[in-house]
Enquirer: 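Pasting in a structure now, in structure tokens, and then I'll have a few things to ask.
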Amino acid sequence: MSMRRIVVVGASMGGLRAAEQLRAAGFTGQLTVVGDEPYRPYNRPPLSKEVLASEVTHAAVAFRMRSSVEDVDWRLGMPVVSSDLAARWLTLLDGSTLAYDGLVVATGLRPRRLPLPGLEDRRHVVRTLDDATRLRASLAPGVRVVVIGAGFVGCEVAATARRLGAEVTVVCAAAEPLMTPLGPDLGAELRRRHEAEGVRFLLGRTVTAFSTGISSRTAADVVLSDGSAVAADVIIEAVGSTPCVSWLDGNGLDLSDGVLCDADLRVEGRPDIVAVGDVARFPNVRYDDVCRRVEHWSIPTDTARKAARTLLGVDAPPFVPLPSFWSDQYDMRIQSFGVPGLGADDIRVLEGDMTSECAVGYHRDGELVGVVLLGLASAIPRYRKLLMDATPASV
């Protein structure tokens, strides 16, 4: 297929990497990137950590623009609201339209919100630069912060708020923080470290309501499933994310969890559409043929490289990425390779001690499928190579 114009929908890291990889793969035609935020692509992980703790500016987190994408047509602050994939036609919020020969879906995620009314002026999420700017203005010594959710974003924001002097309470339905990605033992150790910094955890409880003045005249309250209430000046909802796919409704796609793709990141067999980043649900034959979304920082770059070549018909090796992520909380770094969640039933300490520094292995059917390191920076190359060298389940 001859492609004169490719449109990338999504102007975050995935969209930028897709544009770069399309140029690297030889595409010389018109390239348009459309995004709902008014900013050029920027790095999101620092928003919950060092950027939130200091001055929040776009310059502090913006990605460097390579010369290969200097001619890209950036349509920013104007999201795509609907599409006609049969006609290869996109409609933007202002009613304008874009035609394309090739389409890259890179719209990523939006934060999930609790379906509860009340206290909207105190409730925050952390996904965009504007989110971080608004939250940063509310954080100060002595401010009572309630973080709902104890995943990576929740724990990182809790650590940042605590270092800024806030009184921090984390509410979580699970028995330990980070239990799903890391398991109960490592989750318990991370809770212990947060508690040593002064964070309070209310585990095994959910939020049932937001109200004003239950615990005191001036407090706003987060009401919990056990009937208790926690006073809050600032509420941070860190209860996961949902893929941004509504603009693709009505085209007969499987959008039940992101955009369904094949192993080449082609959207349901369509030769003119690919998907990249954490909106893409694809099989990684390094592990099996199950289609999964992967919400890791490495995935936009990995998927963009493969998707660009698929869209342009350029030969490329089988796509078997090794997912990786990291999390900085206080002075500790958590580094992960592989898919620890696939080995949640067989978790072993491979090296060191959880109370200091350690490497934890996650096994499926006796095979190592993921490693999480707490510290042990010098061991990162060794464990990464160990997982990279593992034989894929099927290629």
Side-chain angles (χ1 to χ4, degrees), residues 44-57 60-61 111-114 116 118-174 176-178 187-207 209-224 226 228-240 327-334:
R44 295 187 189 276
L47 297 182
S48 59
K49 300 182 284 289
E50 61 267 24
V51 175
L52 185 60
S54 56
E55 183 180 359
V56 181
T57 66
V61 291
R112 186 175 288 116
R113 305 299 296 259
L114 293 176
L116 299 170
L119 306 184
E120 281 78 8
D121 60 329
R122 303 192 188 201
R123 294 165 63 176
H124 299 259
V125 293
V126 181
R127 177 66 184 177
T128 69
L129 186 60
D130 289 342
D131 292 336
T133 301
R134 177 172 172 259
L135 176 57
R136 179 66 183 89
S138 301
L139 296 178
V143 169
R144 295 166 298 184
V145 174
V146 173
V147 180
I148 305 168
F152 284 106
V153 171
C155 287
E156 288 171 359
V157 172
T160 303
R162 188 72 194 101
R163 283 288 171 91
L164 290 172
E167 299 175 9
V168 180
T169 299
V170 177
V171 178
C172 176
E176 295 291 354
L178 294 162
E189 172 58 24
L190 295 177
R191 172 177 54 80
R192 183 189 69 78
R193 297 187 185 207
H194 276 274
E195 289 174 338
E197 296 283 347
V199 176
R200 179 173 64 142
F201 284 86
L202 299 177
L203 301 170
R205 280 165 270 198
T206 60
V207 174
F210 295 108
S211 185
T212 303
I214 293 177
S215 59
S216 73
R217 289 184 179 179
T218 58
D221 292 277
V222 179
V223 183
L224 306 183
D226 63 359
S228 63
V230 186
D233 302 307
V234 176
I235 301 164
I236 301 166
E237 297 175 64
V239 292
S327 176
D328 293 322
Q329 300 173 32
Y330 308 109
D331 298 323
M332 63 178 170
R333 167 157 287 198
I334 304 162

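These figures come from a predicted structure and were not determined experimentally. Residue numbers count from 1 along this sequence.
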Enquirer: Distance from Y330 atom OH to H194 atom NE2, nearest 0.5 Å?
Expert: 5.0 Å
Enquirer: Using atom types as modelled and distance alone, determine if a side-chain donor or acceptor of R123 lies under 3.5 Å from a backbone N or O of L114.
Expert: yes
Enquirer: For the pair D331 and R163, evaluate salt bridge (Lys or Arg N to Asp or Glu O under 4.0 Å) and give the outcome as yes or no after the intermediate values.
Expert: CA-CA 11 Å; D331 298 323; R163 283 288 171 91; 3.7 Å; yes
Enquirer: At their closest point, which heavy atom of V125 faces which heavy atom of D131, and how far apart are they?
Expert: O-CB, 3.2 Å
Enquirer: Mark yes or no for whether E197, through its side chain, and E195, through its backbone, hold a donor-acceptor pair below 3.5 Å.
Expert: no
Enquirer: Do side-chain atoms of R122 reach the backbone of A232 as a donor and acceptor pair under 3.5 angstrom?
Expert: yes
Enquirer: Which atom names give the shortest non-hydrogen contact between L52 and L164, and what distance separates them?
Expert: O-CD1, 4.2 Å
Enquirer: Counting distance only, does the side-chain N/O of R200 pair as donor-acceptor with the main-chain N or O of T169 below 3.5 Å?
Expert: no
Enquirer: Suppose we screen for side-chain contact (heavy atoms from CB on, under 4.5 Å). Which residues come up paired with A150, at least two apart in sequence or across chains?
Expert: C155, V170, C172, P177
Enquirer: Can you find a pair of side-chain heavy atoms, one from V223 and one from F210, that are under 4.5 Å apart?
Expert: no
Enquirer: If we ignore hydrogens and angles and just use 3.5 Å, is the side chain of D226 paired with the main-chain N or O of S228 as donor and acceptor?
Expert: yes
Enquirer: Please find the pair of heavy atoms, one from L178 and one from F152, that lie closest to each other, and give the distance.
Expert: CD2-N, 3.4 Å
Enquirer: Distance check, rounded to the nearest 0.5 Å: R144 atom CZ versus D233 atom CG?
Expert: 4.0 Å
Enquirer: Measuring from D328:CG to R333:CZ, what's the distance to the nearest 0.5 Å?
Expert: 4.0 Å
Enquirer: Just by distance, do the side chain of S48 and the backbone of V157 share a donor-acceptor pair under 3.5 Å?
Expert: no
Enquirer: Taking all atoms of both residues into account, what is the closest heavy-atom pair of S211 and L119, and its distance?
Expert: O-CD1, 3.6 Å
Enquirer: Could you tell me the separation between the CZ atom of R134 and the OG1 atom of T128, rounded to the nearest 0.5 Å?
Expert: 10.5 Å
Enquirer: Step by step, work out the side chain to side chain contact (heavy atoms under 4.5 Å, CB included) result for L190 and M332.
Expert: CA-CA 10 Å; L190 295 177; M332 63 178 170; 3.6 Å; yes
Enquirer: I need the L203 CG to E176 CD distance, nearest 0.5 Å.
Expert: 6.0 Å
Enquirer: Can you tell me how far the OG1 atom of T160 sits from the CD1 atom of I236, to the nearest 0.5 Å?
Expert: 9.0 Å
Enquirer: Can you name the closest pair of heavy atoms from I334 and Q329 and give their distance?
Expert: CD1-NE2, 3.7 Å
Enquirer: So which heavy atom on K49 is nearest to which on P45, and how close?
Expert: NZ-O, 2.8 Å
Enquirer: Okay, side chain of R205, backbone of V171: is any donor-acceptor separation there less than 3.5 Å?
Expert: no
